[in-house]
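In what follows, a single structure is set out as structure tokens and then discussed.
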Amino acid sequence: MALRLFDSLSRELRELKPSHPDGIFRFYNCGPTVYAPAHIGNFRTFIINDVIRRLLELELGPAHVRHVRNLTDVDDKTIKRAQEEGRSLAEVTRQWTDKFHADCAALNCLPPHVEPAATAHIREQIDMIACLVEKGNAYRAADGSVYFKVSSFDDYGRLSRVKERQLDPGTSLAGKPQAADADEKEDASDFALWKAHKPDDGENAWASPWGRGRPGWHIECSAMSKKHLGDTIDLHTGGEDLLFPHHENEIAQSECCNGVPFARHWYHSKHLLVNGAKMSKSLGNLYTLDDLVAKGFSPMAIRYALLMGHPRKQLNFTLDSLHAAERALATLRAYRATLPATGITENVFAPVQAALDDDLNTPAALGALFTIVNRRELQADAGSFDRVMTALGLKLDAPVATKSEIPTAILALAEKRWAAKLAKDYATADALRKELTAAGWSMLDRKDGYSLEPSKQ
RNA sequence: GGCGCGGUAGCCAAGUGGUAAGGCCGAGGUCUGCAAAACCUCUAUGCGUCGGUUCAAUUCCGACCCGCGCCUCCA
């Protein structure tokens, strides 16, 4: 069964297929800007892309998928952060790249095959800008910046339908100042390919044919996808916010330079809402992975919760839904334990796979999964169950606090209670359980011992 | 103002022109010193409002109300 996915450009469901003779599917996913910890909205996008990657590998075989996801390690935000902290840009971006990798691993996202960083591809970006200047699609402004001339590309705006958009005075946009470099541009819609060095940039500048400076944001994806995947890629993805201007600009740069179609398929996932509103620090509803782990939730429950909504629909993330995810995983864990290892030939989980193949309908897939789980008369084996869990990227390892994380005072209480229980002194045992609960710990009795878990907040 | 999306049980959330998946919560039960876990049963005459089309609409059409996103560097 082949994966059908909505294409943002043609606005229809289309099957994903490799187009190159080598049969390798070329997949480019816009990655993070590494200047701070990623939040769960970022991770929704990366998890959705991880499921796409997994489905492609399931269908085509792991050797036939090439997944590239970039790291934006030079831009206004990374530079600003480095300047504020008095550290080098490389130091700051290294720190947040490592954190991003750790978070991805905790969320069970497969690492991309190539993870190119913008600062490691300055040469390629300069080459591409030079190509655009030479072809008349770009021009150097007086200050040494280079801009893409939007009017030189007839097809500009096809992805975002920008020609149908109008800016009307008296609206939210009217008060916004134009970019500081607006005066240098020939037209307000032109965008920077190369930004001339400014005092604020500190040491973060590279030599170029147009003078010292740094690449604009959009050019890195055009240059790096060209280098690592070729002139035409099979799938290009990102969050909905990237559709315009980022992806529109990438198309303009790549197609003007390369002279061939840039991406055969575009896919954009919708943003996450938290408690019904866009995440923002001022609303206090912006969560990082660490924020939620600190509240006692497991990374796998976070992944599950982020898959509970359709990727092309805004998902309202709440702590309640995270709790629901945690419980749902526990049920799956218990179900998994009842399954024989192998031996069932019929794949009862086919409806789950079918839902995923149908435009990545993860909530329908989870629904189908539980429908099967609830019908115990259906014969399933662990192998087929594991395959569908692998497609979703859900791991069922029991999250248990390790001994070392438990305060000794808590351990002592637990030991006393266990002794009281063995002595059948239930009054004392119950009193000690209450003390543990008050201290924020749950004591789970088993036949031959006990375990301690932090209570959920 | 332009472009686009959505309003389905207490919460999250699929879906279809033919009479509402699933998860959580809640209620009852089995089991267990207690607690937890596990398992079983139940839980929307209803799908924003009002019209229209139709034998039949939550699903199609229209109007309206409400919410959300994007509109030049936010996944």
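To find a chain, count down the sequence lines: A is the first, B the second, and so on, and within it residues start at 1.
- Comparing the C1' positions of B:rU45 and B:rA9 gives a spacing of 13 Å, expressed to the nearest Å.
- Of the candidates B:rC11, B:rC24, B:rC40, B:rC40 carries the atom nearest the A:Arg376 side chain, counting heavy atoms from C-beta on.
- The nearest whole Å value for the distance from the CG atom in A:Asp445 to the C1' atom in B:rC34 is 8 Å.
- When distances run from any side-chain atom of A:Ala429 to the nucleotides B:rG33, B:rA75, B:rA21, the shortest one goes to B:rG33.
- The aromatic ring of A:His310 does not sit over the base of B:rA13, since the test of centres under 5.5 Å and planes under 30° is not met.
- Proximity note for A:Thr45 (side chain, C-beta onward) versus B:rA75, B:rG69, B:rC34: the nearest is B:rA75.
- As judged by a 4.0 angstrom heavy-atom cut-off over every strand, A:Thr72 is placed among residues making no nucleic acid contact.
- Below the 3.5 angstrom threshold, one finds no donor paired with an acceptor across the side chain of A:Arg375 and the base of B:rG22.
- For the P atoms, the distance linking B:rA44 with B:rG51 amounts to 26 Å, nearest Å.
- The gap from the P atom of B:rC50 to that of B:rA57 amounts to 15 Å, rounded to the nearest Å.
- Nucleic acid contact for A:Arg433: base, since at least one base atom lies under 4.0 Å from a heavy atom of the residue.
- In this entry B:rU58 has no Watson-Crick or G-U wobble partner, no candidate having both defining distances under 3.5 Å.
- If you check every strand for non-hydrogen atoms under 4.0 Å, A:Tyr426 touches a base.
- Residue-level contact check: A:Lys77 touches the backbone only, with heavy atoms under 4.0 Å from sugar-phosphate atoms and none from bases.
- Base pairing of B:rU72: no nucleotide in any strand meets the Watson-Crick or G-U wobble criterion (both distances under 3.5 Å).
- Closest to the A:Ala334 side chain, of the nucleotides B:rU72, B:rG33, B:rA38, is B:rA38.
- At a cut-off of 3.5 Å, with distance as the only test, no side-chain donor of A:Thr72 or A:Asp75 sits close to an acceptor on the other residue.
- Taking a pair to require two hydrogen-bonding distances under 3.5 Å in either a Watson-Crick or a G-U wobble arrangement, B:rA21 remains unpaired.
- Under the Watson-Crick and G-U wobble criteria, each requiring two contacts below 3.5 Å, nucleotide B:rA38 is paired to B:rU30.
- Taking atom CG of A:Leu329 as the reference point, atom C1' of B:rA38 lies 16 Å away to the nearest angstrom.
- Within the 4.0 angstrom heavy-atom criterion, only backbone atoms of the sugar-phosphate kind lie near A:Arg11; the bases stay farther away.
- Using a 4.0 Å heavy-atom criterion, one finds that A:Gly216 contacts no nucleic acid atom at all.
- Judged by closest nucleotide on RNA chain B, A:Ala364 is the one of A:Asp190 and A:Ala364 placed further toward the 5' end.
- In the set B:rA75, B:rC24, B:rC12, B:rC24 carries the atom at the smallest distance from any side-chain atom of A:Arg327.
- The base of B:rC11 has none of its N or O atoms less than 3.5 Å from a complementary donor or acceptor on the side chain of A:Asn316.
- For the 3.5 Å distance criterion, the side chains of A:Ser222 and A:Glu250 fail to qualify, holding no donor opposite an acceptor.
- Taking the centre of each ring, A:Phe46 and A:Phe100 come in below the 6.0 Å mark.
- Protein atom CG of A:Leu332 is 11 Å distant from nucleotide atom P of B:rA38, rounded to whole Å.
- For A:Met308, whose side chain is taken as the heavy atoms from C-beta onward, the closest listed nucleotide among B:rG33, B:rA75, B:rC12 is B:rC12.
- Judged purely by distance below 3.5 Å, without hydrogens or angles, the side chains of A:Asp241 and A:His271 pair a donor atom with an acceptor atom.
- If you check every strand for non-hydrogen atoms under 4.0 Å, A:Asn361 touches sugar and phosphate atoms only.
- Atom C1' of nucleotide B:rA75 and atom NE2 of A:His268 are separated by 11 Å, given to the nearest angstrom.
- Using a cutoff of 4.0 Å between basic side-chain nitrogens and carboxylate oxygens, A:Arg303 and A:Asp50 are scored as salt-bridged.
- Under 4.0 angstrom from either OP1 or OP2 of B:rA36 there lies no side-chain N or O belonging to A:Thr437.
- Residue A:His246 is out of contact with every strand shown, counting any heavy-atom pair closer than 4.0 Å.
- A:Arg44 contributes no side-chain N or O that forms a donor-acceptor pair with the base of B:rA75 under 3.5 Å.
- Each of A:Lys421 and A:Leu315 lies near RNA chain B, and the nucleotide nearest A:Leu315 is the one positioned closer to the 5' end.
- Donor-acceptor pairing under 3.5 Å is lacking for the side chains of A:Thr288 and A:Asp290.
- In the set B:rC12, B:rC25, B:rG4, B:rG4 carries the atom at the smallest distance from any side-chain atom of A:Arg161.
- Look at the P atom in both B:rA21 and B:rA27: the space between them is 24 Å, to the nearest Å.
- Rounded to whole Å, the P atom of B:rG62 lies 15 Å from the corresponding atom of B:rC3.
- Using Watson-Crick or G-U wobble geometry with both donor-acceptor distances under 3.5 Å, B:rU45 finds no partner in any strand shown.
- If you measure from atom CZ of A:Arg446 to atom C1' of B:rA35, you get 14 Å, rounded to the nearest angstrom.
- Between the side chains of A:His323 and A:Asp320, no donor N or O sits under 3.5 Å from an acceptor N or O.
- When the C1' atom is used for both B:rU8 and B:rC66, the distance is 15 Å, rounded to whole Å.
- Checked by atom type, the side-chain pair A:His268/A:His236 shows no donor-acceptor distance below 3.5 Å.
- Within 4.0 Å (heavy atoms only), A:Gly367 reaches at least one base atom of the nucleic acid.
- Taking 4.0 Å as the cut-off between side-chain N and carboxylate O, A:Arg4 and A:Asp359 do not count as a salt-bridged pair.
- Look at A:Lys313 and you'll find a side-chain N or O under 4.0 angstrom from OP1 or OP2 of B:rA14.
- Counting distance only, with no hydrogens placed and no angle test, the side-chain atoms of A:Asp430 and the base atoms of B:rG33 include a donor-acceptor pair under 3.5 Å.
- In this structure, A:Gln314 places its CD atom 7 Å from P of B:rG69, rounding to the nearest Å.
- When distances are taken from the side chain of A:Pro363 to each of B:rC25, B:rA14, B:rC71, the shortest belongs to B:rA14.
- Within the 4.0 angstrom heavy-atom criterion, only backbone atoms of the sugar-phosphate kind lie near A:Asn374; the bases stay farther away.
- The same atom, C1', is picked in B:rA14 and in B:rC47; the two are 12 Å apart, to the nearest Å.
- Remark: B:rC5 base-pairs with B:rG67; criterion is Watson-Crick or G-U wobble with both hydrogen-bond distances under 3.5 Å.
- Among the nucleotides B:rG23, B:rC11, B:rA75, the one closest to the side chain of A:Asp320 is B:rC11.
- Atom CG of A:Asn70 is separated from atom P of B:rA75 by 10 Å (rounded to the nearest Å).
- A gap of 12 Å separates the P atoms of B:rC61 and B:rG6, to the nearest Å.
- Comparing B:rA36, B:rU72, B:rG69 by their closest approach to the side chain of A:Pro245 singles out B:rU72.
- Base engagement by A:Gly41 is indicated by at least one non-hydrogen atom pair under 4.0 Å involving a base atom.
- Nucleotide B:rU72 holds its C1' atom 7 Å from the NE2 atom of A:His218, rounded to whole Å.
- Scanning atom types as modelled, no donor and acceptor separated by under 3.5 angstrom connect the side chain of A:Lys270 and the base of B:rC5.
- A cation-pi arrangement is absent between A:Arg69 and A:Tyr28 under the rule of less than 6.0 angstrom and at most 45 degrees off the ring axis.
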